[in-house]
Each structure stands twice: as C-alpha cells, then as structure tokens.
Amino acid sequence: MSAAPPAGRGLRRSAAFALTAAAALFTGLLGPASAYADTPPSDSVTSDNVEHIANVPKPEAVNSTNSDLAFTGDYVIGGNYDGFVIYDVSEPEDPRIVSEVLCPGGQGDVSVSGDLLYFAVDYPRAGEECGAPETPVTDPDGFEGVRIFDISDKTSPEYVAAVRTDCGSHTLTLVPGDDEREYVYVSSYAPAEEFPNCQPPHDKIAIIDVPLDDPASAAIVNEPVLFPDGGNHDQDGLLRPTEGCHDITVYPSKDLAAGACMGDGILMDISDPVEPIVTEVVQDTNFAFWHSATFTNDASAVIFTDELGGGGAPTCTEEIGPERGANAIYTLDGEGADSTLEFASYFKIDRHQGDQVCVAHNGSLIPVPGQNFFVQSWYQGGVSVIDFNDPTNPREIGYFDPDDRIDPDIQNGSTWSAYYYNGHVYSSDMRRGLDVLKLTDPRLRPAERVTYDEFNPQTQPVYRPGR
C-alpha cells in the first residue's frame, strides 16, 4: 500500500511519490475531471452469496489508518499506522478487542510466528521505543525497520527488540527456517540522496535472522541485491522505477517466492532462504506499480496486482479500462528454480466506482481444494470474490461494497486487506475497522474444512481438506 498518510502527518517519501505519480498518470489518461461520470456500482451493498456478519470500529487508542492482518489460533492481529490491535474471533459473529498496542511508526504490516509478532515501521521515529516522536527522513539517527513483540499473553504484548533497515520496512514477509531460527524478508523503497538511511541505488531487500531462543538478538544476516542491472525504469516516467521490492510472497513448501517490485514482477528460488536467487523477471506496460503476489495452491499460477495511482486515485472507471489498476494472472511452467511465468489474463472489477479511490490491493486464496478462488480488497471498491479456475477468463462471483451512494446511512469503506481464514473473510478497513464476512456460495463451502493454526498471507501454506 502506498496511500497518503493520515491527516496531520507529514508526507513520507513513498506517499509523496505516489501522489505525484498519480497526478501525472491521471492527467495523461483521463483529462478533465468530468471523466468520473459513472453510476453507482449496484443497488446493494453485498451480493447474494456474501453475508456481512460483524464490524468492530477502530478503538480510540489505535485509531489511525488500518493496514494488514495476520492470524493465529482464535485471534486476528490488525496492523495500524499507530500500532496494532488483537481481536478474539473465536465467535466470528461477535469479535472482541483483546488488547491495543500504541506504537506509532507508519505502515504497520504484521506477521505472526508462535509467540512473536513482527511489525513494519516505515515512517522515521526519533528512537526505537514505542513512544518516540516523529523525526524527518533526513535525520541520520531516525529509526525505521522492524519491531518485534512477544504476544504469548494476548492481553498484554511485550516489546522485545527493533531491527533498523535501510529505507525502513514498507512490508515484511515471514520465512520459516528450522528449529533454531526463522527469517524476515524486509521490502522497502524510494531512496534519495538527501536521505542518509535510504541511499540510492536500493535494488535490494534486507533479511533478518531471528534466533528463536533469543529473539532480542535478531539482526540483518544478508542484503541481497535482486536487480544488479538496475531493474525496470520506464522511459515515459509513468511507471515506478524498480528499487527493491514492494512486497514478497513466499511459498516455502515449493521453495518459491514471487516479488512485486514496482517496475518488475519476479520469481525467486528460496531453497536457501538467506541467499534467494531471482530466476525470472517479467514486465508489463499496463502495470504502473507491481504491488503484491499470490500463488495458487499447486503453484501453477501467480496473481500479481497493480496499485495504479499508489492507492490514492480512482481507477475503477470505464475510462481507465479493465487492464490498468488490475490483477494480472501468470501461469507457471516448470518446477522450482526452473519455473517460468507466462501471461494469461487481466482481472479487474467492473463495478465502476466513479471518483471513489479504487484499485487492486491485498487478498488471499479461498482454500477450496483443487479449485482457484480468490478474495481481494479494492479500497473503496470493497471486497471481491473471484473465480480464476480458467486463468484466461477470471470473473467476479461475489462482493461486499459498503457505499453511501447505495445507502446514505452506511459509512463508506476503504478496505486494505481481505483474507480468508478458518471459514470467514476478515477485511481490514482503513476507516470502518474490522469487518467479518461469511461466504454462502456452495462452490466455496469446501473451504470451511480447511483450518489453520496460524496464517500469514505473505507466507503461503499448502492446504488440503481437514487442514
């Protein structure tokens, strides 16, 4: 996500670029503002096969922009620019807040592993402690990177350690290791000569080694350069130049990772997680900002998303069309390090949103064994349920789209992430808080038999019935 920060905060380098790029792009594509002449998306908030069963508003203490989600047991952990919130969802129809951790730092992407929580900090603070004030990006002593918490007591998480990384941590990905350690891949970008802790070129990621018996000693173990030749730099200036990656999704059981890296989509061999190797690079003139990726369960395809406009512009319009600000589905040929990507199709919701901010964003597979279904956030375009069993012909089969154009009593939604977990969809809405959805489509019912003890969407598990 590269949206502007909450009101009252200075623009971070990534947000500033996103807004500038969005303005330039939309000037070229749309022309006059009157182009936003779309009708409401439908006459209902939800499709017949999606039921909205609960909403938990953002709590008073952690009330900034909601971001990503992670899952453990009966708990959902919701990231926020001001910290994180732990929800008890043992009764999905009645989720309850267990604890709130106020620890500002921006972005707030989260991953969970046993009793450890990893939290992304992408806006510089004057120190590592949770109460540290903001500081300019030009401050050489400013802290950005990853904070580690102990959440063994869900009612009272404890701050364990912090690891500083160049350019901060825009997103992070948990990578399993062995009985003694695990790893965190840190993605960040937007270097500049005037930023002492974020110098160009920045064609790398950071890899943090976390000793499980002493997580307080976590440290960077490698900073592999993924783009030794510099990556993609669009000559027209409309695409984000490749600088590191925005997001990485790993599939440990396949020793694969897919990176969404601004101007490039990549595959990596992670059989040695400390030494990932880029095996395939693809580019697409319709993609402005390679944002995130998801493998199918059999690793026969990857869905990449394009965050056109940086999460701050309306792209779900007839004028923008179906191939920009969309998903791109690529099939995978070969196995492991020999896998190659081949473009199959685009998918974009056709519920036009007018001047509402709408673009492809975070989602996950709906674990129907042997089938390919996907649930995804589209900011103010709501939550979409997608059938891509035919990778050349994906289609929307359900949606949840809270919108005051449909019902004036509804608080407009702007969903950042939507993930399927143990029978329900959980949507992290930047404004509304946490929404819980129930999918009633018979085609999706087998997914209810797949359960996880833990789920990080950027660390894909293999699923089968009863697991």
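For Arg164 (side chain) and Gly145 (main-chain N/O), no donor-acceptor pair under 3.5 Å exists by modelled atom type. His361 places a side-chain N or O within donor-acceptor distance of the main-chain N or O of Trp416, the cut-off being under 3.5 Å. Between the side chain of Gln107 and the backbone N or O of Gly105 there is no donor-acceptor pair closer than 3.5 Å. Side chain of Ser47 to backbone of Tyr399: a donor-acceptor contact under 3.5 angstrom is found. The backbone N or O of Met430 lies less than 3.5 Å from a partner atom in the side chain of Lys58, making a donor-acceptor pair. At least one donor-acceptor pair closer than 3.5 Å links the side chain of Glu454 to the backbone N or O of Gly114. A donor-acceptor pair under 3.5 Å is formed between the side chain of Asn66 and the backbone N or O of Asp429. Without hydrogens or angle criteria, Thr249 side chain to Thr294 main chain gives no donor-acceptor distance under 3.5 Å.
Here the closest non-hydrogen pair linking His52 and Phe400 is CD2-CZ, 3.7 Å. Across every non-hydrogen atom of Cys130 and Leu102, the tightest pair is CB-O, 3.9 Å. Contact detail for Ser417 and Ser67: the closest heavy-atom pair is OG-O, 4.0 Å. Closest heavy-atom contact between Tyr183 and Pro176: CD1-O, 4.3 Å. Scanning both residues, Tyr251 and Thr296, for their nearest heavy atoms gives CE1-O, 3.4 Å. Heavy atoms only, all atoms of each residue included: Leu308 and Gly325 are closest at CB-CA, 3.6 Å.
Interatomic distance, Lys348 NZ to Asn327 CG, rounded to the nearest 0.5 Å: 10.5 Å. From Glu144, atom CD reaches atom CZ of Phe195 across 9.0 Å, with rounding to the nearest 0.5 Å. With values rounded to the nearest 0.5 angstrom, Thr415 atom OG1 is found 10.0 Å from Gln376 atom CD. Between Asp139 atom CG and Asn197 atom CG the span is 8.0 Å, to the nearest 0.5 Å. The CZ atom of Arg431 sits 4.5 Å away from the CD atom of Gln380 when rounded to the nearest 0.5 Å. Note: Phe455 CZ to Tyr420 OH = 11.0 Å, rounded to the nearest 0.5 Å.
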Applying side-chain hydrogen bond (donor to acceptor under 3.5 Å, both in side chains), run through Asp264 and Thr242 and close with a yes or a no. CA-CA 7 Å; Asp264 298 89; Thr242 299; 2.3 Å; yes
Taking it one step at a time, do Leu117 and Val110 satisfy side chain to side chain contact (heavy atoms under 4.5 Å, CB included)? CA-CA 7 Å; Leu117 176 74; Val110 288; 3.9 Å; yes
Apply side chain to side chain contact (heavy atoms under 4.5 Å, CB included) to Leu365 and Gln460, showing your working. CA-CA 9 Å; Leu365 297 179; Gln460 282 194 228; 3.9 Å; yes
Carefully, step by step, assess Glu100 and Asn80 under the rule side chain to side chain contact (heavy atoms under 4.5 Å, CB included). CA-CA 10 Å; Glu100 309 166 33; Asn80 184 283; over 6 Å; no
Evaluation steps, side-chain hydrogen bond (donor to acceptor under 3.5 Å, both in side chains), between Thr392 and Ser345: CA-CA 5 Å; Thr392 67; Ser345 67; over 6 Å; no
What's the verdict on side chain to side chain contact (heavy atoms under 4.5 Å, CB included) for Leu172 and Val146, showing C-alpha distance, side-chain angles and the deciding distance? CA-CA 8 Å; Leu172 51 78; Val146 175; 4.0 Å; yes
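Salt bridge present: Asp94 and Arg96 bring a charged side-chain N and a carboxylate O closer than 4.0 Å.
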Scan the side chains in residues 381-389 for donor-acceptor partners under 3.5 Å anywhere in the protein, sequence neighbours excluded, and list what turns up.
from, atom 1, to, atom 2, distance (Å)
Ser384, OG, Glu396, OE2, 2.6
Asp387, OD1, Asn389, N, 2.9
Asp387, OD1, Asn389, ND2, 2.9
Asn389, OD1, Asn372, N, 2.7
Asn389, ND2, Gln371, OE1, 3.4

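Residues Thr135 and Tyr123 bring no donor and acceptor atom of their side chains to less than 3.5 Å of each other. Looking only at atom types and distance, the side chain of Ser188 has no donor-acceptor partner in the side chain of Ser169 under 3.5 Å away. A donor-acceptor contact closer than 3.5 angstrom links the side chains of Asp150 and Ser152. Under 3.5 Å, the side chains of Tyr346 and Asp284 contain a donor-acceptor pair of N or O atoms.
For an aromatic pair to be called close, the ring centres must be under 6.0 Å apart, and Tyr426 with Tyr419 fails this. The aromatic ring centroids of Trp290 and His246 lie 6.0 Å or more from each other. Proximity of the aromatic rings of Tyr463 and Tyr452 is defined here by a centroid distance below 6.0 angstrom, and this criterion is not met. With ring centers used as reference points, Tyr87 lies 6.0 Å or more from Tyr75. In this structure, the ring of Tyr118 has its center no less than 6.0 angstrom from the ring center of Phe149.
Under the disulfide bond (SG atoms under 2.5 Å apart) criterion, the residue pairs touching residues 352-403 are Cys316-Cys358, with sequence neighbours excluded.
Side-chain contact check for Pro252 versus Thr459: some heavy-atom pair is nearer than 4.5 Å. At a threshold of 4.5 Å between non-hydrogen side-chain atoms, the residues Ile148 and Leu116 count as touching. Using a 4.5 Å heavy-atom cutoff, the side chains of Cys103 and Arg147 are in contact. Within the 4.5 Å cutoff, side-chain heavy atoms of Ile329 are placed close to those of Pro391. Counting only heavy atoms from C-beta outward, the side chains of Phe71 and Val112 never approach each other to under 4.5 Å. His424 places none of its side-chain heavy atoms less than 4.5 Å from the side chain of Glu51. At a threshold of 4.5 Å between non-hydrogen side-chain atoms, the residues Pro95 and Val436 count as touching. Residues Leu439 and Asn49 fail the side-chain proximity criterion, which asks for heavy atoms closer than 4.5 Å.
Aromatic ring pairs are classed by plane angle as parallel below 30°, tilted from 30° to 60° and perpendicular above 60°; the pair Tyr189 and His170 is perpendicular. Ring geometry, Phe119 versus Phe84: the interplanar angle falls from 30° to 60°, so the pair is classed tilted.
Under a cut-off of 6.0 angstrom, the local environment of CD in Glu93 is crowded, with over 12 non-hydrogen atoms contributed by other residues, nucleotides or ligands. Remark: Asp298 CG is packed, more than 12 non-hydrogen atoms of other residues, nucleotides or ligands lying under 6.0 Å away. Dense packing is recorded around CD of Glu129, with more than 12 heavy atoms of other residues, nucleotides or ligands lying under 6.0 Å away.
Cation-pi geometry between Lys254 and Phe295 is not satisfied (NZ or CZ under 6.0 Å from the ring centre, within 45° of the ring normal).
In summary, of the residues considered (Ile349, Thr315, Asp306), a side chain to side chain contact (heavy atoms under 4.5 Å, CB included) with Val359 occurs for Thr315 alone.
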